Amino acid sequence: MNKPIIEFKNINFSYDQEDELILKNVCFSINEGQYVCLIGHNGSGKSTIAKLLCGLLNYQDGEILINGIKLNDENLEALRKDIGIVFQNPDNQFIGSTVEDDIAFGLENRCIEREKMISLVHDFSKRVGMENFLSKQPEELSGGQKQRVAIAGILALDLKIIIFDEATSMLDPQGVEEIRKLVFDMRKKDPKLTFISITHDMEEAYLADKVICLKDGEVFLNDTPENVFKHEEELKSIGLGLPFIVKIKNDLLKHGIKIDENIKNIEDLAGFLCK
Ligand SMILES: Nc1ncnc2c1ncn2[C@@H]1O[C@H](COP(=O)(O)OP(=O)(O)OP(=O)(O)O)[C@@H](O)[C@H]1O
Ligand SMILES: [Mg+2]
């Protein structure tokens with residue numbers, strides 16, 4: 001599948017017309033079904049890209065195409081229906097008065113029939129481990145629990161494009177793994193689902209189909225994880241490191257042991273070395 005579903009063409013953006021540009025000539029494209037990680041230092045423009053993509057900010061210069069159609073004021077509502085975003089701060093997106101209402105909110109907006117809605121709310125609250133909190137109010141929840149609710153609300157919507165903006169940053173390690181598996185299973189079931197993850201987790205980025213790295217509002221690197229993480233010094237210069245597995249692979253290479261590119265985790269590496 002090589003059909004571009006998202007294209008940014010020469011996007012220049014500033015929050016205030018007089019201010020300096022926050023995004024500078026940003027160009028990239030994402031294919032349908034791809035899992036793309038957007039990485040970069042704090043303030044490099046990642047969340048700004050996500051907000052432009054789902055129409056929460058208007059762009060002044062350049063073009064954004066969704067499924068080949070240029071995003072504009074007239075088609076924004078229609079195109080937005082296919083895109084869901086889970087934001088960095090879960091407090092900014094808790095809309096319902098309870099967990100149940102909050103997960104149901106997007107489904108109600110899409111006029112999903114009541115019985116199906118109830119079943120989806122129960123299914124997804126369970127999948128994110130929040131099935132025993134359905135009647136709780138947001139102030140009774142921890143940050144990580146609120147993130148779980150926000151994730152359930154978006155995943156339940158059967159969308160074409162899902163964006164996680166550091167959506168699991170407050171989750172415990174097991175929770176991060178569970179959500180990763182949940183998304184993996186959903187992508188397996190629906191290979192057309194495009195998933196964009198904005199993250200500071202280089203281990204996660206190493207698992208993506210493609211990594212786009214921003215530096216001061218510009219696309220700095222845009223390639224496969226294998227190729228992006230060859231740029232150790234450049235990444236270091238903007239405060240980013242290498243995934244642990246890449247560091248080990250590099251060290252082994254210094255000792256003359258070349259590890260297969262397809263080996264992406266410690267278990268597979270151990271298996272390879274013990275062969
Ligand atoms: N509402 C706003 N008004 C003015 N400037 C903003 C606004 N939101 C963000 N900025 C500025 O835009 C730049 C990019 O911010 P953005 O939130 O996109 O960065 P980010 O890459 O998501 O960073 P982080 O890793 O910290 O989440 C920053 O310099 C920030 O100060
Ligand atoms: Mg951000």
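As a basis for the values below, the full set of heavy atoms in this structure was taken, side chains included, without hydrogen atoms, waters or symmetry mates. Bear in mind that the values here come from a model prediction, so they are computed numbers and not experimental data. Numbering of ligands and ligand atoms starts at 1, following listing order. Numbering starts at 1 and runs along the sequence shown.
Of the possible polar contacts, one joining the K210 side chain to the S29 backbone as a donor-acceptor pair under 3.5 Å is found. A donor-acceptor pair under 3.5 Å links the side-chain atoms of Q60 to the main chain of S14, judged by distance alone. At least one donor-acceptor pair closer than 3.5 Å links the side chain of E203 to the backbone N or O of F244.
Around the Mg ion (ligand 2), protein N, O or S atoms at a distance under 2.8 Å total 2; waters are neither shown nor counted.
Listed by first and then second residue, the salt bridge (Lys or Arg N to Asp or Glu O under 4.0 Å) pairs involving residues 160-175 are D82-K160, R148-D172 (not counting sequence neighbours). Sorted by first and then second residue, the salt bridge (Lys or Arg N to Asp or Glu O under 4.0 Å) pairs involving residues 36-61 (not counting sequence neighbours) form an empty list.
Here I103 contributes atom CD1 and L157 contributes atom CG; the two are 10.5 Å apart, rounded to the nearest 0.5 Å.
Ligand 1 is surrounded by Y15, I22, H41, N42, G43, S44, G45, K46, S47, T48, Q88, E166, H200, each with at least one heavy atom closer than 4.0 Å.
For Y59 and F13, the gap between ring centers reaches or exceeds 6.0 Å.
For the pair L242/Y206, no side-chain contact is recorded, criterion being any heavy-atom separation below 4.5 Å from C-beta on.
When each of I257, L252, D251 is tested with K254 by the rule side-chain contact (heavy atoms from CB on, under 4.5 Å), just one qualifies, namely D251.
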